[in-house]
Amino acid sequence: MELDALILSRLQFAFVVAFHILFPAFTIGLAAFLAVCEGLWLWTKRDVFKRLYLHWIKIFALAFAMGVVSGVVMSYQFGTNWSVFSDKAGSVIGPLLGYEVLTAFFLEATFLGVMLFGWKRVGNKLHFISTLAVAIGTTISAFWILSANSWMQTPAGHAIDAETGNYYATNFWEVIFNPSFPARYVHMMLAAFITTAAVILAAGAWQVIRGHSSQPTRWQIRMAAGTLAVLMPLQIWAGHWSGEVAHKHQPAKVAAIEGWWETADVQGTVLFALPDEENERNIAEVTLPGTSPYLFSSKEPLQGLKAFAEEDRPPVWIVFWAFRIMVGAGLVMLALGVWGCVLWWRGRIDKPGFFHWISVPAGALGFISVVTGWVVAEVGRQPYTVYVTEGVPGLRTEDSVAPVAYGQVATSLLVFMIVYAIIFTAGTIYMARIATRGFEDDAPEPPEYEHRPPGWSLGAVDEPAEVPSSKPKPAE
């Protein structure tokens with residue numbers, strides 16, 4: 001592979017987006033977790049939930065800031081490295097990215113200040129509304145970003161100008177809700193919640209290993225294990241849904257994912273293989289035969305890679321193995337969630353054991369799944385930036401790159417790697433230290449409550465903390 005400006009631009013964008021996606025994937029789920037904690041605190045008057053909130057809000061603020069910085073850098077690359085793509089598809093993609101800023105980023109940035117600095121300046125209900133606004137803002141942001149990216153995967157509601165060759169929207173409703181968007185949006189949102197749950201479980205497990213047994217530690221490890229056990233089966237279903245859509249609209253991607261070379265009515269599931277793209281075959285293949293009817297509802301023959309011209313195939317090795325890493329990481333998180341719930345039921349989840357030692361490194365599995373999932377989606381779309389549709393040609397990646405020199409791209413890539421390695425590594429380590437420290441410090445005093453519904457109980461993990469009174473005690 002020749003390292004020309006095209007390859008280096010792709011590597012640079014892949015490097016930047018791989019760093020960037022880690023933070024939104026985490027903050028989307030963490031914002032929802034903070035909203036749940038504050039809501040439970042207001043509803044139950046249990047101080048443990050406020051302690052959890054105040055602990056994780058610090059990490060959220062840092063992750064949110066790093067996500068914004070890395071996202072700005074990524075958006076600049078549309079003009080510096082991919083100006084032809086921006087010119088050709090900007091009339092469709094530009095409004096979607098603009099809506100993301102107007103409807104989501106402003107909402108998040110405004111109410112984040114209230115979340116961080118409004119505890120003693122606004123009432124409890126208004127502060128909770130601010131937390132909800134930030135959580136909703138993260139989901140809206142994901143909505144527009146996934147819509148734009150999904151349109152590149154399965155373009156709809158557009159036409160191409162005959163004179164300029166530029167894309168323009170003919171129906172923005174179809175642009176936004178393009179065929180792959182619903183499945184991919186659900187898949188990504190679940191991935192964000194699961195990623196956050198894995199991190200919280202890892203933090204709680206490390207605290208248990210170190211001998212911490214405070215109420216917040218016990219609560220967060222239970223909440224995280226339960227989330228994994230509930231959401232991972234839903235994520236498997238969402239992944240299957242996304243695969244069905246890809247099979248219909250991007251058969252070459254599915255063929256690369258599955259490692260199919262020949263077209264057949266019934267295909268097997270390739271568990272392990274070493275794809276040999278030069279000779280169009282798999283080496284050391286381990287296959288479960290005849291499983292495709294259970295995976296795909298199509299009655300048409302399932303196309304193999306040989307059905308596509310060599311220049312129209314995605315890189316098979318990368319797509320094939322990225323998919324298996326993603327699935328493997330997901331299955332491990334499912335197992336941890338079920339295992340944790342069993343230990344919870346047996347009353348042993350607070351005792352250090354093998355489960356906790358496994359859960360600590362497994363905190364990275366959510367991020368691994370997100371990155372490898374995006375590798376499958378983006379590399380599997382190659383060699384197109386805007387995929388082909390019936391009657392409308394696609395925009396190839398080699399025709400999307402800006403006319404930049406090899407040396408310029410190489411220099412900027414090197415600078416990005418050095419700066420990102422220093423800044424984001426330091427930020428990640430700092431967040432990890434905050435997340436893993438215990439809750440043995442004094443609990444903060446909760447403010448007065450206006451309302452507590454009678455008869456509410458969450459089950460016995462802790463007892464409601466007594467609210468200290470500011471009134472002086474009578475002399476004895």
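Note: hydrogens, waters and symmetry copies are ignored here, and every other heavy atom, side chains too, is used. Sequence positions, counted from 1, serve as the residue numbers for this chain.
Under the 3.5 Å distance criterion, with hydrogens and angles disregarded, no donor-acceptor pair is assigned to the side chains of E258 and Q267. Of the N and O atoms on the side chains of T263 and Q303, not one donor lies less than 3.5 Å from an acceptor on the other residue. For the residue pair T131/E38, the side-chain donor-acceptor check at 3.5 Å is satisfied.
Residues S359 and W339 have side chains not in contact (no heavy-atom distance under 4.5 Å, counting atoms from C-beta outward). A heavy-atom distance below 4.5 Å is not found between the side chains of F64 and M115. No side-chain heavy atom of V375 sits under 4.5 Å from any side-chain heavy atom of V319. Counting only heavy atoms from C-beta outward, the side chains of T195 and F367 approach each other to under 4.5 Å. Q12 is listed as a side-chain neighbour of S412, based on a closest heavy-atom distance under 4.5 Å. Taking 4.5 Å as the limit, some side-chain heavy atom of I21 sits within range of a side-chain heavy atom of V371.
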Take F296 and V254, measure what side-chain contact (heavy atoms from CB on, under 4.5 Å) needs, and give me the verdict at the end. CA-CA 11 Å; F296 302 102; V254 173; 3.8 Å; yes
Give the C-alpha distance, both sets of side-chain angles, the deciding distance and a yes or no for side-chain contact (heavy atoms from CB on, under 4.5 Å) between W82 and T397. CA-CA 9 Å; W82 302 99; T397 305; 3.9 Å; yes
Audit row: F78, F13, side-chain contact (heavy atoms from CB on, under 4.5 Å) steps and yes/no: CA-CA 9 Å; F78 284 116; F13 196 83; 4.1 Å; yes
CA sep, side-chain torsions, deciding dist, call: F143, Y99, ring-ring contact (aromatic ring centres under 6.0 Å, His included): CA-CA 10 Å; F143 177 93; Y99 296 151; over 10 Å; no
Hey, mind stepping through W261 and V316 against side-chain contact (heavy atoms from CB on, under 4.5 Å) and telling me if it holds? CA-CA 10 Å; W261 290 98; V316 182; 4.1 Å; yes
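More than 12 heavy-atom neighbours from other residues, nucleotides or ligands sit within 6.0 angstrom of CZ on F272. Other residues, nucleotides and ligands place no more than 12 heavy atoms under 6.0 Å from the CH2 atom of W206. Heavy atoms of other residues, nucleotides or ligands lying less than 6.0 angstrom from OH of Y430 number 12 at most. The number of heavy atoms from other shown groups lying within 6.0 Å of CE (M417) does not exceed 12. By the 6.0 Å contact criterion, NZ on K248 is open, its count of non-hydrogen atoms from other residues, nucleotides or ligands being 12 or less.
Across every non-hydrogen atom of S147 and V175, the tightest pair is OG-O, 4.1 Å. The two residues P275 and N282 have their closest heavy-atom pair at CA-OD1, 3.6 Å.
Atom CG of N81 sits about 11.0 Å away from atom CG of L11, to the nearest 0.5 Å. Here CZ of F181 is found 6.5 Å from CG of L146. Values are rounded to the nearest 0.5 Å. Taking CE of M188 as the start and OG of S150 as the end, the distance is 11.0 Å to the nearest 0.5 Å. With rounding to the nearest 0.5 Å, the separation of OG1 in T428 from CG in L62 is 10.0 Å. Note: I28 CD1 to T139 OG1 = 8.0 Å, rounded to the nearest 0.5 Å. Taking CG of N149 as the reference point, atom CG of N178 lies at 9.5 Å (rounded to 0.5 Å).
Of the candidates Y387, W173, W151, Y168, H158 forms a ring-ring contact (aromatic ring centres under 6.0 Å, His included) with just one, namely W151. Checked options F49, Y53, W41; the residue passing with W219 is F49 (criterion: ring-ring contact (aromatic ring centres under 6.0 Å, His included)).
The closest donor-acceptor contact from the side chain of T196 to the backbone of F26 lies under 3.5 Å. Panel note: side chain T110, backbone F106; a donor-acceptor pair is recorded below 3.5 Å. Side chain of T138 to backbone of A135: a donor-acceptor contact under 3.5 angstrom is found. Side chain of K253 to backbone of E378: no donor-acceptor contact under 3.5 angstrom is found. Under the 3.5 Å distance criterion, the side-chain polar atoms of S130 are left unmatched by any main-chain donor or acceptor of V114. Without hydrogens or angle criteria, Q235 side chain to H187 main chain gives a donor-acceptor distance under 3.5 Å. Counting only distance, with no hydrogens or angles, the side chain of H356 and the backbone of G204 share no donor-acceptor pair below 3.5 Å. The main-chain N or O of S369 is found under 3.5 Å from a side-chain atom of T372 such that the two form a donor-acceptor pair. In this structure, N166 contributes its side chain and S91 its backbone to no donor-acceptor pair below 3.5 Å. No side-chain donor-acceptor contact under 3.5 Å links S141 to the backbone of G137.
The ring of F85 has its center no closer than 6.0 angstrom to the ring center of Y167. Ring pair F60/F33: centre-to-centre distance not below 6.0 Å. Between F15 and Y420, the distance from one ring center to the other falls under 6.0 angstrom.
For the pair R396 and E311, the salt-bridge criterion is not met [side-chain N within less than 4.0 Å of a carboxylate O].
Both the sub-6.0 Å distance and the 45° axial angle are not jointly satisfied by R313 relative to the ring of W260.
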